[in-house]
Amino acid sequence: QVQLVESGGGLVQAGGSLRLSCAASGRTFSILALGWFRQAPGQEREFVASINRSGGRTTYADSVKGRFTISRDNAKQMVYLQMNILKPEDTAVYYCASGVIMTIGARAYDYWGQGTQVTVSS
């Protein structure tokens, strides 16, 4: 079992920044791949970013590449999503997830947080 709790969401103007955090507990954190996904109203959940166990490899959705950065601190059992140059289309509920392998497919992730709302005003 893995418990994930996101924080750091909020309301920000376009062009601004937010840093999301996800605290993990339970199964040994360092053996897990981690991902961030988001879901806007009326839309399917979509991949945002993922990071491998060591933190040495990351991947991003094209829509956020160059603006968002995923990172992790295995000692603190935390994963982060630094979001810069935010756009109104980034508005969504953001979820962190953990799984055995690093992938962009949501179905491969076994555990999910409850989500944190990010709203970007124009």
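Note that this is a predicted model, so its numbers are computed, not measured. FYI, side chains are in, hydrogens and waters are out, and symmetry mates aren't considered; it's all heavy atoms of this structure.
Closest approach of Ala106 to Trp112, counting heavy atoms only: O-CZ2, 3.4 Å. Leu20 approaches Met83 most closely through the heavy-atom pair CG-CE, 3.7 Å. In terms of heavy-atom proximity, Val79 sits nearest to Ser71 at CG2-O, 3.2 Å. Listed here is the closest heavy atom pair of Gly99 and Tyr109: N-CD2, 3.7 Å. Nearest approach of Leu18 to Gly8, heavy atoms of both residues: CD2-O, 3.8 Å.
When hydrophobic residues (I, L, V, M, F, W, Y) are linked wherever their side-chain heavy atoms come within less than 4.5 Å, Ile85 remains an isolated member. Using a 4.5 Å cut-off between side-chain heavy atoms of Ile, Leu, Val, Met, Phe, Trp and Tyr, Val100 falls into a hydrophobic cluster with Ile101.
Here Ile104 pairs with Phe47, Thr59 under the side-chain contact (heavy atoms from CB on, under 4.5 Å) rule; sequence neighbours left out. Considering only residues two or more places apart in sequence or on other chains, Tyr95 meets the side chain to side chain donor-acceptor pair (under 3.5 Å) condition with none of them. In this structure Tyr80 satisfies the ring-ring contact (aromatic ring centres under 6.0 Å, His included) test with no other residue, sequence neighbours excluded. The side-chain contact (heavy atoms from CB on, under 4.5 Å) test applied to Gln43 returns Ala40, not counting sequence neighbours. Listed by chain and number, the residues in a side chain to side chain donor-acceptor pair (under 3.5 Å) with Ser7 amount to none (sequence neighbours excluded). By the ring-ring contact (aromatic ring centres under 6.0 Å, His included) test, Tyr94 pairs with no residue at all, sequence neighbours left out.
For residues 71-122, every residue pair satisfying the disulfide bond (SG atoms under 2.5 Å apart) rule, not counting sequence neighbours, is listed here: Cys22-Cys96. Sorted by first then second residue, the salt bridge (charged side-chain N to carboxylate O under 4.0 Å, His left out) pairs that include residues 105-122, not counting sequence neighbours, number zero. Note on residues 31-47: pairs passing salt bridge (charged side-chain N to carboxylate O under 4.0 Å, His left out), not counting sequence neighbours, are Arg38-Glu46, Arg38-Asp90.
The same ILVMFWY cluster, assembled from side-chain heavy atoms under 4.5 Å apart, contains both Leu86 and Tyr60. Taking hydrophobic clusters as Ile, Leu, Val, Met, Phe, Trp and Tyr residues chained together by side-chain heavy-atom distances below 4.5 Å, Val12 shares a cluster with Val48.
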Throw together a table of side-chain donor-acceptor distances under 3.5 angstrom for residues 115-122, partners on residues two or more places apart or in other chains.
unit_1: Thr116; atom_1: OG1; unit_2: Gly9; atom_2: N; d: 3.2
unit_1: Gln117; atom_1: NE2; unit_2: Ala92; atom_2: O; d: 3.4
unit_1: Gln117; atom_1: NE2; unit_2: Thr119; atom_2: OG1; d: 3.3

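Atoms CD and CG, from Gln77 and Leu32 in turn, are 9.0 Å apart once rounded to the nearest 0.5 Å. A distance of 12.0 Å separates CG of Leu81 from CG of Leu34, quoted to the nearest 0.5 Å. Summarising the geometry, atom CZ belonging to Arg53 is positioned 12.0 Å from atom CE belonging to Met102; distances are rounded to the nearest 0.5 Å.
Judged purely by atom type and a 3.5 angstrom limit, Gln114 has no side-chain atom pairing as donor or acceptor with the backbone of Val5.
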